A.B. asks: 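I'd like to ask some things about the structure below.
Every heavy atom of this structure was used, including side-chain atoms; hydrogens, water molecules and symmetry mates were not. Within every chain, numbering begins at 1; the chains are lettered A, B, ... in the order of the sequence lines, protein sequences first and strands thereafter. Everything numeric in this text was worked out from a predicted model, so none of it was measured.
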Amino acid sequence: GAVVSQHPSWVICKSGTSVKIECRSLDFQATTMFWYRQFPKQSLMLMATSNEGSKATYEQGVEKDKFLINHASLTLSTLTVTSAHPEDSSFYICSAQGDISEQYFGPGTRLTVT
Amino acid sequence: GESVGLHLPTLSVQEGDNSIINCAYSNSASDYFIWYKQESGKGPQFIIDIRSNMDKRQGQRVTVLLNKTVKHLSLQIAATQPGDSAVYFCAEKVWRGGSEKLVFGKGTKLTVNP
């Protein structure tokens, strides 16, 4: 149990375009979902926390207008990178948390902006 | 501020040896820690956790030790196998912005030589 999926697993987009990443909890309801960003050979950095039906809370230094997060249901959260630039190229990982406080991580999405 | 760090960025061991990965944390009020394993191109995988009311916890081939006096955490892997090769992160649960979040350490890359 406690499986989290992400789609797509990798994406290449052109500079200036937007890309949407989905995070789904497959077998449990996630009241809270988290979005992390990981640059090569670095650690995971929390970008934002989203609760179903409410606005996401962004970490300091993360532009909320650039990284749009929608948590419209208890099983789905989306992260949209708007007007992507090469410096946004990274590994984006989501995690989902249900009734217990443990976070279950998705497999990650590799974003490359050309 | 809060921070969770690692002493060694890389560790290379022979198959069958025991591995020890270290982590230091700065927030003495922290009461819950988790070790994750991340294989290349994948999301973090939960290994073992420990609460601050314990100083040792054992799992299958893994042991986590917590020394609250010096704010140090370690992960011991017994009889290390090639499949254990990965990056290992310690993470600390903190309260920030009204919710629980994970703060990840820098990570240690473990390489197991056959």
Side-chain angles (χ1 to χ4, degrees), chain A residues 1-10 21 23-25 31-52 54-62 64 71 90-112, chain B residues 1-11 21-26 30-52 57 59 73 85-111:
Chain A
V3 178
V4 177
S5 70
Q6 284 184 238
H7 178 80
S9 55
W10 59 271
I21 302 170
C23 177
R24 294 182 185 271
S25 56
T31 51
T32 305
M33 286 187 171
F34 302 85
W35 286 96
Y36 296 83
R37 180 168 53 184
Q38 184 179 32
F39 292 108
K41 298 185 179 180
Q42 294 189 24
S43 189
L44 283 76
M45 296 298 295
L46 180 65
M47 298 175 68
T49 303
S50 73
N51 291 296
E52 185 265 337
S54 61
K55 288 184 179 179
T57 304
Y58 291 81
E59 295 298 302
Q60 193 171 8
V62 178
K64 62 180 181 181
H71 191 165
S90 189
F91 194 50
Y92 291 86
I93 305 171
C94 73
S95 70
Q97 180 177 294
D99 294 337
I100 59 175
S101 64
E102 184 170 350
Q103 290 185 32
Y104 299 96
F105 285 84
T109 296
R110 173 77 57 195
L111 169 63
T112 302
Chain B
E2 65 218 11
S3 67
V4 183
L6 294 174
H7 293 310
L8 296 172
T10 61
L11 178 64
I21 299 171
N22 297 302
C23 178
Y25 63 95
S26 60
S30 297
D31 61 1
Y32 184 56
F33 305 88
I34 308 168
W35 279 101
Y36 290 94
K37 173 186 180 183
Q38 186 181 30
E39 295 175 309
S40 181
K42 297 184 179 179
Q45 176 188 351
F46 174 94
I47 301 174
I48 193 167
D49 59 358
I50 190 167
R51 295 201 175 275
S52 60
R57 190 157 189 236
L73 194 68
S85 293
V87 178
Y88 290 81
F89 293 96
C90 63
E92 174 186 15
K93 273 206 171 175
V94 301
W95 273 94
R96 194 167 66 203
S99 63
E100 257 187 349
K101 302 171 194 287
L102 284 176
V103 174
F104 282 80
K106 293 188 176 71
T108 291
K109 182 177 181 180
L110 175 65
T111 302

A.B. asks: Going by atom types only, do B:Tyr36 and A:Gln103 share a side-chain donor-acceptor pair under 3.5 Å?
C.D. replies: no
A.B. asks: I'd like to know which of B:Ser99, B:Gly41, B:Pro44 tops the heavy-atom pair count under 4.5 Å against chain A.
C.D. replies: B:Pro44
A.B. asks: Regarding A:Arg37 and the six-membered ring of A:Tyr92, is the cationic atom NZ or CZ under 6.0 Å from the ring centre and inside 45° of its axis?
C.D. replies: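 No, A:Arg37 does not sit over the ring of A:Tyr92.
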A.B. asks: Side chain, backbone, both or neither: which part of A:Gln38 has a non-hydrogen atom closer than 4.5 Å to chain B?
C.D. replies: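 The side chain, not the backbone.
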A.B. asks: For chain B, find which of A:Glu102, A:Gln6, A:Arg110 contributes the most heavy-atom pairs closer than 4.5 angstrom.
C.D. replies: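 Going by pairs under 4.5 Å, I would pick A:Glu102.
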A.B. asks: Below 4.5 Å from any heavy atom of chain A, which atoms of B:Leu102 appear? Answer side chain, backbone, both or neither.
C.D. replies: both
A.B. asks: Do B:Tyr88 and B:Leu11 have side chains that approach each other closer than 4.5 Å (heavy atoms only, starting at C-beta)?
C.D. replies: no
A.B. asks: Which bit of B:Tyr32 is near chain A, if near means a heavy-atom gap under 4.5 Å: side chain, backbone, both or neither?
C.D. replies: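 Neither part.
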A.B. asks: Would you mind checking which part of A:Ile93 comes under 4.5 Å of any heavy atom in chain B, side chain (CB onward), backbone (N, CA, C, O), both or neither?
C.D. replies: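 Only the side chain of A:Ile93 comes within 4.5 Å of chain B.
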A.B. asks: Checking heavy atoms, do the side chain of B:Gln38, its backbone, both or neither come under 4.5 Å from chain A?
C.D. replies: side chain
A.B. asks: Return the orientation label for the B:Phe104 and A:Phe105 ring planes: parallel under 30°, perpendicular over 60°, tilted otherwise.
C.D. replies: perpendicular
A.B. asks: Over all heavy atoms of both residues, which pair between A:Glu59 and A:Leu46 is shortest? Give the atoms and the distance, please.
C.D. replies: CG-O, 3.2 Å
A.B. asks: Which atom names give the shortest non-hydrogen contact between A:Val4 and A:Pro107, and what distance separates them?
C.D. replies: O-CD, 3.5 Å
